[in-house]
Structure formats: structure tokens, C-alpha cells
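Here is the structure we will look at, set down as C-alpha cells.
Each chain gets a letter, A, B and so on, in the order its sequence line appears, and its residues count up from 1. Not measured: the values here are computed from a predicted model.
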Amino acid sequence: MAEEKEVRYDPAVIEPKWQQRWAEDPALYAAEPATSGKRKYYVLEMLPYPSGQLHMGHVRNYSIGDALARHMWMRGCNVLHPMGWDAFGLPAENAALKNNTPPREWTLGNIAAMKRQMQRLGLGYDWATEVTTCLPDYYRWNQWFFLRMYEKGLVYRKQSKVNWCPECATVLANEQVIDGRCWRHEDTIVEQRDLEQWFLRITAYTQELLDGLDALAGWPEKVRTMQRNWIGRSEGTEVDFAVEGSAEKIRVFTTRVDTIFGATSVQLAPEHAIVSSIAAGNPESRAEIDALIEEQKKARESGDLGDIAKRGVPTGRFAVNPYNGQRVPIWVANYILADYGTGAIMSVPGHDERDFEFAAKYGLEVRRVIAPADPGAEAPALPYTSEAGVLVNSGAYDGMSCAAAEKKLQQVAEAGGFGEAKVTYRLKDWGVSRQRYWGTPIPMIHCERDGLVPVPDEQLPVVLPAQVEITQQGGSPLSRVPEFVNTTCPRCGGAARRETDTMDTFVDSSWYFYRYTDARNGSRPFDSGVVRYWFPIDQYIGGVEHAILHLIYSRFWTKVMRDLGLIVNDEPASRLFTQGMVIKDGAKMSKSKGNVVSPDDMVARYGADATRMYALFAAPPDRDLDWQEDGVAGVSRFLGRVWRLAARYAPVAAGARGQKPQPPTGTSLNLLRKLHQTTAKITQDFEGRWHFNTCVAAIMELVNEIQGADAQLASGEVAAPVVRELMITLVLLLAPFAPYLAAELWEQMGEQGAILRSPWPASDPELAKEDELEIPVQINGKLVTVVRVAADAGPREIEAAALADEKVKTRTTGRTVAKIIVVPGRTTNLVVK
RNA sequence: GCGGAGGUGGCGAAAUUGGCAGACGCACCAGCUUGAGGUGCUGGCGCCCUAAUCCGGCAUAGGGGUUCAAGUCCCCUCCUCCGCACCA
């Protein structure tokens with residue numbers, strides 16, 4: 001054979017070439033209109049925060065989404081595969097402080113850099129629909145939605161606690177509070193201050209958000225469970241205890257009203273509103289209560305609230321149990337949460353672990369009011385928390401089951417006007433005010449005469465001013481921009497002041513995926529008809545860290561938009577996939593651990609195809625992935641093998657275009673069988689199992705087998721039309737995983753048009769079928785040998801083949817074969833005695 | 001404490017329904033090739049026993065059970081990771 005200098009596989013040459021071609025063909029990754037007649041498929045990856053650099057978590061997320069999008073394109077779908085930027089947020093202000101760069105400039109620069117990285121990775125996004133949340137043509141719709149919600153009573157103002165650094169004299173975001181101290185002043189304890197804040201009434205949808213989870217079968221159970229816990233529905237009873245010597249009442253919430261005859265004290269949260277009047281005549285307890293509050297605040301800030309010991313202060317006052325008129329002492333205790341239930345409880349030490357612990361510490365009475373239903377049973381030790389018992393020491397209710405007593409006691413309370421059945425939730429309204437510059441301005445105006453006045457729609461957007469000095473001095477940065485603040489009241493025309501708070505960035509990400517469908521609409525957030533076509537999202541892919549906030553806010557926003565008549569879907573996404581983390585040396589990649597792998601480095605060394613394919617090969621997508629650079633090198637070597645295989649056989653494949661194949665035999669048949677098996681396996685995986693790691697492995701096996709038959713391919717024993725089918729299909733199968741190499745080889749084989757628009761290969765079940773199988777033969781469950789039988793052999797033939805085997809014979813002579821189990825196509829087992 | 005996911009070679013992992021445990025890749029070893037810049041090809045590679053074997057034994061965190069047959073199903077115990085965490 002003549003010496004031919006093989007051209008090395010060099011992704012640094014191939015990939016930029018195709019990157020440029022794709023950039024010049026904007027229709028390639030563009031969605032078609034609803035009238036295309038194709039099945040629509042909306043695949044969405046969570047949009048990144050433009051920090052400046054992609055990390056491996058992004059690469060993994062987008063490799064999964066891009067493989068799926070490419071597959072769906074090849075399946076002939078009308079695919080929407082967009083990308084955007086969650087571009088508002090605190091890091092831009094931090095960068096401004098540090099480098100004296102305006103947030104907008106910093107952010108847009110980062111976006112440009114990360115977009116280049118994405119394009120270098122060969123990700124197939126439709127950049128014509130790109131959404132950047134910090135630009136007025138996007139955030140004006142945040143403001144528009146805010147006004148619509150305001151009109152529907154879903155926006156309100158309330159006093160609320162914020163983190164306040166006395167040194168900076170400004171509000172801090174939660175992320176800026178480290179162990180209860182200011183991030184810039186390590187010696188300064190952060191205070192809680194009450195400020196008027198804007199809230200969105202997500203609690204108007206609590207029950208629907210909870211019920212909707214049941215129908216989200218395409219979401220991971222883990223995410224649904226986390227949301228259920230977050231919503232935290234709890235059924236119970238509220239009961240009023242009168243305060244002795246006062247007209248005031250203390251309302252408590254309990255899930256165990258059946259134990260109320262065992263209540264031996266009432267416990268208030270330290271921040272409970274009634275505490276000041278209860279403790280008024282009692283200076284020393286007031287001081288102790290303040291100490292409790294202080295201690296708890298510190299514990300909360302340092303994040304170890306759970307470890308704090310239970311402590312309480314007696315107020316010296318008494319409350320009256322409305323069921324039996326009994327006097328019980330009123331205490332203030334640090335384990336009572338002010339913002340759950342009513343912020344007050346009845347303490348039943350006999351039947352609650354926490355109350356028992358508290359009572360034991362302070363010597364409060366412990367009373368048994370629930371006993372086992374079986375009268376002969378020994379009374380269990382207290383606290384006895386089971387609800388399977390019956391009431392004792394409970395007056396007229398003795399002998400009733402817990403469940404029956406609960407119902408009866410609720411009726412009595414309602415009839416007596418001192419209580420009612422009540423459902424509480426942990427979910428609270430969404431505070432969206434941020435005393436920050438780099439966010440969507442809240443479109444409200446404060447007028448001395450007219451009060452709060454919404455900005456009229458025609459004045460939107462309220463544009464974030466460009467020239468704002470970012471300092472650490474005082475309140476919201478916007479309040480120091482007179483041109484922004486000073487305005488006229490839309491109602492009376494008099495002088496007025498703009499709201500200077502901006503919106504939480506979770507607002508931006510709550511509906512961005514709707515905007516993609518109609519991203520350049522200048523008169524509405526989107527066209528309802530277009531959204532109706534594309535929604536719900538067919539597949540949403542992202543990190544599990546967004547399981548609660550982002551995904552619950554998105555669901556809320558969807559329901560609000562539905563009730564505004566803008567959309568008809570109840571939920572944003574029918575399927576959600578949460579990929580695992582990328583770790584290195586057993587730990588999450590982080591700068592402090594020094595185990596960060598840069599995507600740019602990987603692409604520079606091994607190419608985008610190898611980097612992406614490794615991200616899919618190293619672990620199943622839902623599990624954590626341990627990044628091993630040698631593994632990337634391995635995938636790169638594999639792509640090199642494919643490259644050299646194509647260098648030998650692409651001309652053969654190209655030359656065989658249109659040639660009729662003969663019925664395959666021998667090596668050809670074996671190769672085609674493997675080919676069709678591989679096709680079937682990968683097709684199935686895309687349809688749901690998503691084990692892309694084994695898809696890549698299957699392609700490797702296929703290549704190994706073709707390479708193993710190199711001599712037969714070279715000699716022509718495997719005919720040209722077969723070589724053609726092998727090579728064409730191999731490249732098609734590779735296309736979702738290694739798009740650059742696939743595009744290049746597609747061209748080398750003389751194929752016209754984008755491989756992305758070529759139909760996904762079909763697997764012929766007849767060709768994929770084995771004609772012979774190896775059936776393991778076990779004796780008493782232990783493997784003895786393997787027999788070859790026809791693939792369609794029945795139990796009798798397999799049994800005969802097994803018994804005819806020499807090894808089986810030597811092991812069965814002189815013994816009795818008691819039973820033979822044959823699983824056709826699988827195995828056989830002889831029970832020998 | 002509650003909820004979830006896991007535990008399989010030196011490493012990443014595979015094994016749709018119970019049916020040959022370890023596919024594929026990495027690392028390593030041997031041979032050939034190449035000749036200085038992450039080369040290519042072929043073969044080997046769970047552990048123990050053995051001079052060696054296609055002999056034999058042991059192996060899916062540990063223990064018990066069901067079954068002709070268990071990584072897979074059931075019970076108990078241990079460990080790791082993630083989420084929530086005094087929610088009355």
C-alpha cells in the first residue's frame with residue numbers, strides 16, 4: 001500500500017471552521033413558526049448568571065440540552081432552543097466597587113465573553129431570541145407585570161426586617177451577611193431593621209402550588225418533595241386563651257387540640273406583639289426577654305439556630321384554658337417561632353417532645369391526657385406523642401379517640417367563639433424589594449398628595465439611570481440620583497418621588513422562558529398565540545439548587561399570567577431534569593479548594609467535542625460527575641479513531657451513493673447487526689432513560705467492532721454499500737454528542753445539507769436481531785458452561801443443548817436431575833441432587 | 001431528628017423486567033510501531049490459590065431471609081453525600 005500521510009484529527013482546525021459556518025447560517029438553529037406543521041419541541045436550559053466565565057457545571061448542563069435539541073431536530077421536530085442571561089444582581093455592584101467599572105459595562109462584557117465560550121463549544125442556540133434581563137426591553141415587562149399584579153391586589157407594602165450594617169449605614173443582602181457580621185466590616189454585628197418593603201402575594205396561590213405538584217409527573221420526585229416541604233401545609237386548630245387581668249387574648253395554633261387538657265403553660269415567641277404589654281409591669285423579665293431575642297438573632301445569623309438550647313422566661317402572668325377554665329402560666333420561650341402559626345403555642349409536655357424538654361428544664365407540670373386505646377396496655381412513658389390513643393383526664397372528652405376528640409373540640413371552639421379549625425402554611429409572601437442599584441426599578445411613585453401612584457403603562461420602562469455612583473454609603477443607590485428620584489405625580493402633576501427600591505432578581509428569571517418565544521415584541525411581553533403554541537416547555541434542564549426558589553416563583557408567575565388571561569397553561573414545564581454536580585477529587589469545584597477545571601483549557605487541549613462528550617460519558621446525567629482529565633484525553637483518542645476510520649472509508653462511502661446493497665452475510669451482517677442494535681439503544685435512551693454515558697459507550701463499541709473488521713473493509717469483502725451504511729449511520733449517531741466532528745465527516749462523505757436536518761437513523765429490528773445466542777448453563781445456581789443455540793430456540797432445544805454438553809454430562813452422571821428451569825433467550829439452571 | 005440519593009475492580013462506571021457481575025473508558029503491564037512535545041496498533045488486567053491453567057475458591061458496604069437463580073426483592077445494621085431543620 002502506498003504510503004499516505006494521514007491528516008491528524010485536529011479539533012483546533014475543524015471546530016473553528018464549523019463554528020464560523022454555523023454563525024453565518026442563522027436559520028440553522030432557529031425555530032420555525034407555528035405553521036410549520038412539525039411537532040414542536042421546546043428544550044430549555046437554565047439561563048446563567050454572567051459571572052464572566054462558564055464553569056464545568058454549565059458545560060454539563062448545556063451539553064445535555066444541546067444533545068437533546070440536536071436529536072429532536074434530527075427527529076424532524078420544530079425545536080426551540082434559546083439562551084439568555086440572568087444579568088441583574090449584586091456581583092455587578094461588587095465588581096463596580098472593586099474595579100470602578102460600571103455594572104452595565106461589566107455585565108455586558110461578561111455576557112460577550114461567555115457567549116463566545118458557548119459558541120466555541122458549538123452549542124446550537126437561536127441567538128436571535130437571546131434575552132438579557134438587565135436591558136430595558138426586557139425589564140420593562142417586569143414593571144408591567146408588577147403593575148398588573150398591583151391592580152389585582154397581588155402587590156402590597158409591609159414593614160419587614162432587613163439586614164442593616166451600622167458602619168456602612170446601608171442595607172445588606174443576605175449573602176453579604178457572614179456569620180452575623182458585615183462582609184466589609186468583620187467587627188460589626190449586623191442589625192435587623194424594620195423597613196417598608198414590597199411583597200408579592202404568592203400565598204394567594206399556596207394551595208394550587210401544592211396541589212399542582214401531584215400532576216407534575218415529569219418532575220423529579222425529589223424536587224416535588226422539596227417544594228411540598230417548603231410550602232409546609234399543616235392542619236390544626238387555633239384557640240384563644242384569655243389573659244388573666246386583661247381584656248387581651250393569646251391565640252395559639254396547635255395540630256393536637258386533642259391534648260389541650262394537658263396544656264400546662266402558654267409559650268410566646270420573644271418577638272410576639274403581645275409580649276410588651278404582658279411583660280410591661282415586669283422589668284427584669286423584659287430584660288431577660290431582650291437577651292433571648294439577642295441570642296436568637298445571633299444564632300440565626302450564624303446559621304446554627306437548631307443547636308441553640310431551649311430557654312424561657314416566666315412573665316408572671318397567667319392565661320386561661322377556654323375548655324376547662326384552668327390557669328396556666330405565660331412564658332416567653334426562644335423555641336417558639338414568631339413567623340409560624342400565631343407565634344404562640346399551648347405547651348403540652350406530656351405529649352410533645354419539645355414541650356417536654358422545656359418543662360423538664362424549668363420544672364413545669366407534665367400531665368398525661370392520652371392513653372393507649374387498649375385499656376389493658378401499660379401506660380407508655382411520657383412524652384407520648386402517638387395519635388393512636390384515647391383521651392384521659394380530659395373531662396367530658398375522656399375515652400374519645402384523638403381524631404374524634406379533635407373534631408369535637410373544634411366544633412366546641414367554633415360554637416363558643418374562641419377558636420376554629422385552621423390550615424397553616426410555611427410559605428410566606430415573596431419580599432421583592434431590594435435596596436440595590438443593579439435591578440429592575442419598581443414602577444411606583446410616592447406623591448405627598450395622592451400617596452402611592454403606579455407609573456402609567458405608557459411611561460414604561462422606568463429606566464435604570466446609567467450614571468450612578470456605587471458606594472457603600474447609605475440606603476438605596478438610586479435615592480442619591482435626583483434626576484431619577486424627582487418626578488411628577490401622574491395623577492396630580494405635582495412634584496413627587498420615585499420608588500428607589502429595585503426588584504429581586506428572581507423576578508427576572510420567573511418568566512424569561514416565555515419571552516424567548518417572542519423576544520423582540522415591543523408592545524407586549526409576548527404574543528399569547530405564540531406562547532400557546534410553544535408551552536408548556538417540553539424539557540427544562542438545570543441544577544437542583546433551583547428546586548425551590550426559582551422553580552416555585554416560576555410556577556407562581558405562570559399562574560398569575562394565566563389569571564391575567566395571557567396564557568392558558570397552568571405550569572411552565574411538563575418535564576424537568578436536574579443534572580448532578582461536577583466535582584473533582586471528591587469535592588465540588590471551588591476556587592478555595594483549588595480544584596477548578598476551566599472549560600477553556602479543556603477546549604484548547606482536547607476540543608469542544610471531546611470536552612462535551614466526556615461530560616456526557618463520565619457519569620449518567622443525574623449523578624455527580626467526577627472530572628478526570630485523563631478521561632477527556634480518552635474521549636479525544638476515541639474521536640481520533642473515528643477520524644482515521646473516516647479518512648480510510650469516507651471516499652468508499654461517498655462512492656457508494658445510490659448503489660443497491662446485496663443481502664448481507666458474514667462480517668457485513670455482523671457489522672450491520674451491531675449498527676442497528678446501537679441505533680436502537682441510543683434512540684431509546686433519548687426517549688426517556690437518558691443514560692448518555694452508555695450511549696457514548698455503545699458508539700465506542702460500534703467503532704471498535706468496525707475497526708476490528710478493518711481488513712474485511714479494506715479488502716472489499718464488506719461491500720461498498722455496507723461500508724456506506726456503516727459510516728453514514730455512525731456519523732449520524734455521533735451528531736448529538738460530537739457535532740463538530742459529525743458535521744466535518746458528513747461533508748467529507750459528500751453529503752449535502754446540514755446533518756442537523758438529516759433524519760435520525762431508523763433501526764431495523766430484523767437486522768438487529770441475533771441469530772444465535774449464548775445461553776449460560778447453571779447447575780444448582782452455579783455457572784458451569786455456555787451453550788450456543790439458535791436465537792429463537794424454545795425451552796426444549798435449550799434443555800437438550802444443555803444436557804448434551806460435556807461439562808454438564810460429567811457433572812450429572814450418577815446424580816438425579818430433579819428439575820430444569822429454562823428461561824428462553826436468557827439462561828438455564830439444572831437442579832441436581 | 002425528618003426527607004431524598006447513594007455504597008459494585010486501582011479509578012469513572014455498566015448490568016430496562018431477578019437470569020453469564022464488571023460493558024465502555026481511565027490507569028497499569030507486555031509486545032510491536034513511532035521517534036522526542038499528551039502517537040498508533042495488538043494483547044492482558046476483580047480478588048485469592050497456583051510454576052501455570054480453560055482446575056478450584058471468594059466477591060456488588062455488613063448481617064439475615066425469599067428463590068431453581070439476588071447487585072437487583074424483603075428485614076436489620078453501618079457509612080457517604082444532598083436538602084430541610086425547635087413548623088407546635
Side-chain angles (χ1 to χ4, degrees), chain A residues 6 8 220-226 228-230 232-234 236-237 252-256 259 267 304-310 333-337 339-348 352-355 357-358 424-426 544-545 547-548 580-581 583 586-588 605-606 614 617-620 622-638 640-641 644 681 684-685 688-689 691 693-701 703-704 707-708 710 774-786 807 818-823 825-832:
Chain A
E6 273 185 347
R8 254 184 72 225
E221 191 50 51
K222 178 190 170 98
V223 171
R224 295 197 281 166
T225 304
M226 282 167 79
R228 276 191 199 102
N229 294 341
W230 187 257
R233 183 189 156 99
S234 178
T237 313
V252 304
F253 174 71
T254 176
T255 54
R256 292 296 307 275
T259 65
Q267 303 284 347
D304 48 22
L305 199 64
D307 300 336
I308 191 168
K310 288 186 179 50
N334 64 350
Y335 73 100
I336 309 306
L337 305 173
D339 51 7
Y340 182 78
T342 60
I345 65 150
M346 61 175 201
S347 179
V348 184
D352 182 281
E353 305 268 3
R354 295 152 302 177
D355 294 345
E357 187 189 333
F358 189 86
T424 23
Y425 299 92
R426 212 178 75 108
V544 74
E545 65 273 18
I548 299 191
M581 276 191 311
I583 58 176
K588 189 176 177 173
R605 290 185 199 187
Y606 306 102
Y614 175 74
F617 175 60
D622 54 332
R623 291 247 291 267
D624 285 353
L625 183 160
D626 191 40
W627 195 271
Q628 297 185 357
E629 192 173 329
D630 285 338
V632 190
V635 171
S636 168
R637 279 198 288 272
F638 164 72
R641 282 207 296 281
R644 288 187 298 276
K681 188 254 181 299
Q684 261 179 41
D685 257 298
R689 216 169 71 117
H691 280 196
N693 54 330
T694 59
C695 290
V696 175
I699 297 175
M700 288 173 170
E701 284 185 55
V703 169
N704 289 347
Q707 205 173 243
D710 197 38
E774 290 190 334
I775 302 289
V777 180
Q778 295 169 302
I779 290 181
N780 295 336
K782 301 200 77 156
L783 179 70
V784 169
T785 187
V786 174
K807 279 187 184 164
K819 196 177 174 189
I820 302 180
I821 294 113
V822 180
V823 185
R826 287 279 188 196
T827 188
T828 179
N829 191 8
L830 281 59
V831 184
V832 174

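- B:G7 and B:G12 have their C1' atoms separated by 15 Å, given to the nearest Å.
- Closest to the side chain of A:Arg641, from the set B:C68, B:C20, B:C41, is B:C41.
- Of all nucleotides listed (B:A88, B:C68, B:A14), B:A14 comes nearest to the side chain of A:Asn693.
- As rounded to the nearest Å, B:G43 and B:C48 have C1' atoms that lie 24 Å from one another.
- Because its NZ or CZ atom is not both nearer than 6.0 Å to the ring centre of A:Phe358 and within 45° of the ring axis, A:Lys310 does not count as a cation-pi partner of that residue.
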Grab the N/O contacts between the protein and nucleotides 53-60 of chain B below 3.5 Å, and write none if there aren't any.
residue: B:C58; atom: OP2; partner: A:Lys782; partner atom: NZ; Å: 3.3

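- If you take atom P in B:A21 and the same atom in B:U60, they sit 12 Å apart, rounded to whole Å.
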Set out, in order, the CA-CA distance, both residues' side-chain angles and the distance that settles side-chain contact (heavy atoms from CB on, under 4.5 Å) for A:Cys695 and A:Phe617, then state yes or no.
CA-CA 8 Å; A:Cys695 290; A:Phe617 175 60; over 6 Å; no
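- Between B:A61 and B:U42, the two C1' atoms lie 38 Å apart (nearest whole Å).
- Candidate nucleotides B:U16, B:G3, B:C86 were compared by shortest atom distance to the side chain of A:Thr225, and B:G3 ranks first.
- Across all non-hydrogen atoms, the minimal contact from A:Tyr614 to A:Gln628 is OH-N, 3.0 Å.
- B:G4 and B:U66: their P atoms are spaced 28 Å apart (whole Å).
- The side chain of A:Asn704 lies closest to B:C24 when the candidates are B:C20, B:A88, B:C24.
- The nucleotide whose nearest atom lies closest to any side-chain atom of A:Ala619 is, among B:A85, B:A13, B:A15, B:A13.
- Rounded to the nearest Å, the gap between the P atom of B:C45 and that of B:U53 is 10 Å.
- Rounded to an integer number of Å, the gap from NZ of A:Lys222 to C1' of B:G4 is 5 Å.
- Among the nucleotides B:C68, B:C20, B:A23, the one closest to the side chain of A:Ala697 is B:A23.
- For a distance-only test at 3.5 Å, the side chain of A:Lys310 qualifies as a donor-acceptor partner of the base of B:C86.
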With the criterion being N/O to N/O and under 3.5 Å, what pairs connect the protein with nucleotides 28-39 of chain B, and how long is each?
residue: B:G38; atom: N2; partner: A:Tyr606; partner atom: OH; Å: 2.8

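- In this structure, B:C49 makes no Watson-Crick or G-U wobble pair, since no nucleotide meets both defining distances under 3.5 angstrom.
- Across all strands, A:Phe617 comes closer than 4.0 Å to base atoms (heavy-atom distances).
- For the C1' atoms, the distance from B:C20 to B:C68 is 16 Å, rounded to whole Å.
- Straight-line distance between the P atoms of B:U72 and B:U8: roughly 14 Å, to the nearest whole Å.
- Within 4.0 Å of A:Val823, counting heavy atoms only, lies at least one base atom of the nucleic acid.
- For the pair A:Arg228 and B:G83, the criterion of a side-chain N or O lying under 4.0 Å from OP1 or OP2 is not met.
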